[in-house]
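Notes to accompany the following structure.
So you know, we letter chains A, B, ... as the sequences are listed, proteins then strands, and number each from 1. These values consider heavy atoms only, across backbone and side chains, with no hydrogens, waters or symmetry-generated copies.
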Protein chains: 2
Amino acid sequence: MERQERNVQFNRALIELRSLVLDGTFEAGCRLKEAALAERLNLSRTPLRQAMDRLATEGLLKQNPTGGYLVARFTIDDIIDAIELRGVLEGTAARLAAERGMEPAKRERMATVLDELDEAVEADELDFSAYVRLNAEFHELLAGLAGSSIVAREVKRANKLPAASPTAFLQGQELIPDFVRSLTQAQSQHRAIFEAICEREGARAESLAREHARLARTNFEYVMNQKPSLVERVPGLSLVAGQ
Amino acid sequence: MERQERNVQFNRALIELRSLVLDGTFEAGCRLKEAALAERLNLSRTPLRQAMDRLATEGLLKQNPTGGYLVARFTIDDIIDAIELRGVLEGTAARLAAERGMEPAKRERMATVLDELDEAVEADELDFSAYVRLNAEFHELLAGLAGSSIVAREVKRANKLPAASPTAFLQGQELIPDFVRSLTQAQSQHRAIFEAICEREGARAESLAREHARLARTNFEYVMNQKPSLVERVPGLSLVAGQ
DNA sequence: TAGTGCTAAATTGTATACAAAACTGTGTCA
DNA sequence: TGACACAGTTTTGTATACAATTTAGCACTA
């Protein structure tokens, strides 16, 4: 018999509330009323409250000076900074992996993921869902590649800022054609990053990872300036002011 | 009449528990019992629990898979990584400040702090408490110098990892003579970082800030290898395994 | 003696209760 | 009409209650 997971209600509150906020269910800046939310999510205020505090440390909510929590409001520059930070932290993970070396198991897994990404991209018809899954695994692996749990933790944290995650612009169930052309470029950057790490070229690995995050920035600016209609398709973008 | 602060008990729990853990009151890895702790801190389990969850996200506590929270255990490499990360993030703050320019008010305040730091260091007798205060302000200002609240937040977060903060090795009420000689060097690094930012030399500012964090690593390794007796004087070091 | 299963105590996770503070709307006064 | 004050309502922050799970102790067995 498997052990019942701990903190069931808290985890449910965390996951469901995060989705609700990222999906733009609430207007940016609005106050979240505990009682109503608790009823909506079918749990009591205690675990909900814990989840709200957690989401506040993630930056998705804000503490209201007169009590309670507000949905955070982001400026365009906030998102740009969040993406920049993700690039910096992934760059650090890549550099440290190059400087310190990788565990063979992780190195091999990374090589496999890259081969499978090639297949997904080079196939006659792009295998989008495979790409999304493998891209997420690439970034997950990269975070832990230096063998440092502290670095891995902070990289993952940086991914929680809205629109900063490597998968942010791939989320929609359907494929957004405007982003497809960037996938081949992204994949050759994946390869270059890994190559630099293998060759112990720390500085190069760091720069490449930073530049790779710039793709997200390009996508972000494209949405904001050219295709505001896509805003609702990218989780979190509805919280960005001044569209 | 000033408004009563919100979340009084929660904030008290957070601050007092953080001190207790950093002071080494509990053994690394031991379980924190909510009822006992709540009684000790004179508050109920609800705000204490919130504080424990917060400290877990800071990395000071760990969730126990079978329930409750444990005091985190750190390896020497964890501390080294935490310091590295702080350097990386302060480096990013410095680089962005150089690239984007500073608000004049912040720039002037920084110049004043640096002058006062010079006075504290160059006086016939080192003014240690002034140095500690001003050093903290320098790093606080640096975090916000790029005008990005997101960057500032993450820099401050990185300071919460044990022994990673710029003040970690200056904490003791009394002066630890072994660290005094590093203060002049630290201050000339402060000056160089600021100069690079003023000159819009982003890459130089970033490298210098990273190198500046290395002083903390030097201090850390000195304590661990040469003077283990100092471990109890630096907050958080009692949680490091294998002394 | 080491290992296993059972029972009682302790501890956690969640729900609820309650008091204090913040909001809302209405009426009063200038 | 507009600013302000006040009462009623809502909402939060904290304490406490309770059930479910975990831990600890102990007898029993091989």
Give a yes/no answer on whether the side chain of [X] brings an N or O atom under 4.0 Å of OP1 or OP2 in [N].
{"X": "Arg31(B)", "N": "dT23(D)", "answer": "yes"}
{"X": "Thr66(A)", "N": "dT12(D)", "answer": "no"}
{"X": "Ser44(B)", "N": "dT14(D)", "answer": "no"}
{"X": "Arg45(A)", "N": "dA15(C)", "answer": "no"}

Close side-chain approach of Thr75(B) to Ile80(B), heavy-atom, < 4.5 Å
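No, every pair of side-chain atoms sits at 4.5 Å or beyond.
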Which nucleotide sits closest to the side chain of [X]: [options]?
{"X": "Arg6(A)", "options": "dT21(D), dA15(D), dG13(D)", "answer": "dT21(D)"}
{"X": "Leu43(B)", "options": "dT23(D), dA15(D), dA15(C)", "answer": "dA15(D)"}
{"X": "Asn64(B)", "options": "dC23(C), dT12(D), dT23(D)", "answer": "dT23(D)"}

Value in whole Å for how far the [atom2] atom of [N] lies from [atom1] of [X]:
{"X": "Arg49(A)", "N": "dT16(C)", "atom1": "CZ", "atom2": "P", "value": "16 Å"}
{"X": "Tyr69(B)", "N": "dT12(C)", "atom1": "OH", "atom2": "P", "value": "10 Å"}
{"X": "Leu61(A)", "N": "dT12(D)", "atom1": "CG", "atom2": "P", "value": "13 Å"}
{"X": "Leu37(B)", "N": "dT11(C)", "atom1": "CG", "atom2": "P", "value": "12 Å"}
{"X": "Glu5(B)", "N": "dG13(D)", "atom1": "CD", "atom2": "P", "value": "12 Å"}
{"X": "Leu70(B)", "N": "dT23(D)", "atom1": "CG", "atom2": "P", "value": "10 Å"}
{"X": "Glu34(B)", "N": "dT16(D)", "atom1": "CD", "atom2": "P", "value": "15 Å"}
{"X": "Leu14(A)", "N": "dT14(C)", "atom1": "CG", "atom2": "P", "value": "12 Å"}

Ion pair present between Asp81(B) and Arg100(A), side-chain N to carboxylate O less than 4.0 angstrom?
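Between Arg100(A) and Asp81(B) there is a salt bridge, with a charged N closer than 4.0 Å to a carboxylate O.
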Does this structure show an ion pair linking Arg107(B) with Glu103(B), if we count only N-O contacts that are shorter than 4.0 Å?
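No.
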Is there a donor and acceptor pair closer than 3.5 Å between the side chain of Thr46(B) and the base of dT16(D)?
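For Thr46(B), whose side chain was compared with the base of dT16(D), there is a donor-acceptor pair (under 3.5 Å).
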Would you indicate what Leu48(A) reaches in the nucleic acid, counting non-hydrogen atoms under 4.0 angstrom: base, sugar-phosphate, or nothing?
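Answer is nothing: Leu48(A) stays at 4.0 Å or more from every strand.
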Apply the test side-chain hydrogen bond (donor to acceptor under 3.5 Å, both in side chains) to residues Glu90(A) and His212(A): give CA-CA distance (whole Å), side-chain angles for both, the deciding distance (0.1 Å), then the verdict.
CA-CA 9 Å; Glu90(A) 286 190 335; His212(A) 182 56; 5.7 Å; no
Does either side chain, that of Asn135(A) or that of His190(A), offer a donor lying less than 3.5 Å from an acceptor on the other one?
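Yes - a donor-acceptor pair under 3.5 Å links their side chains.
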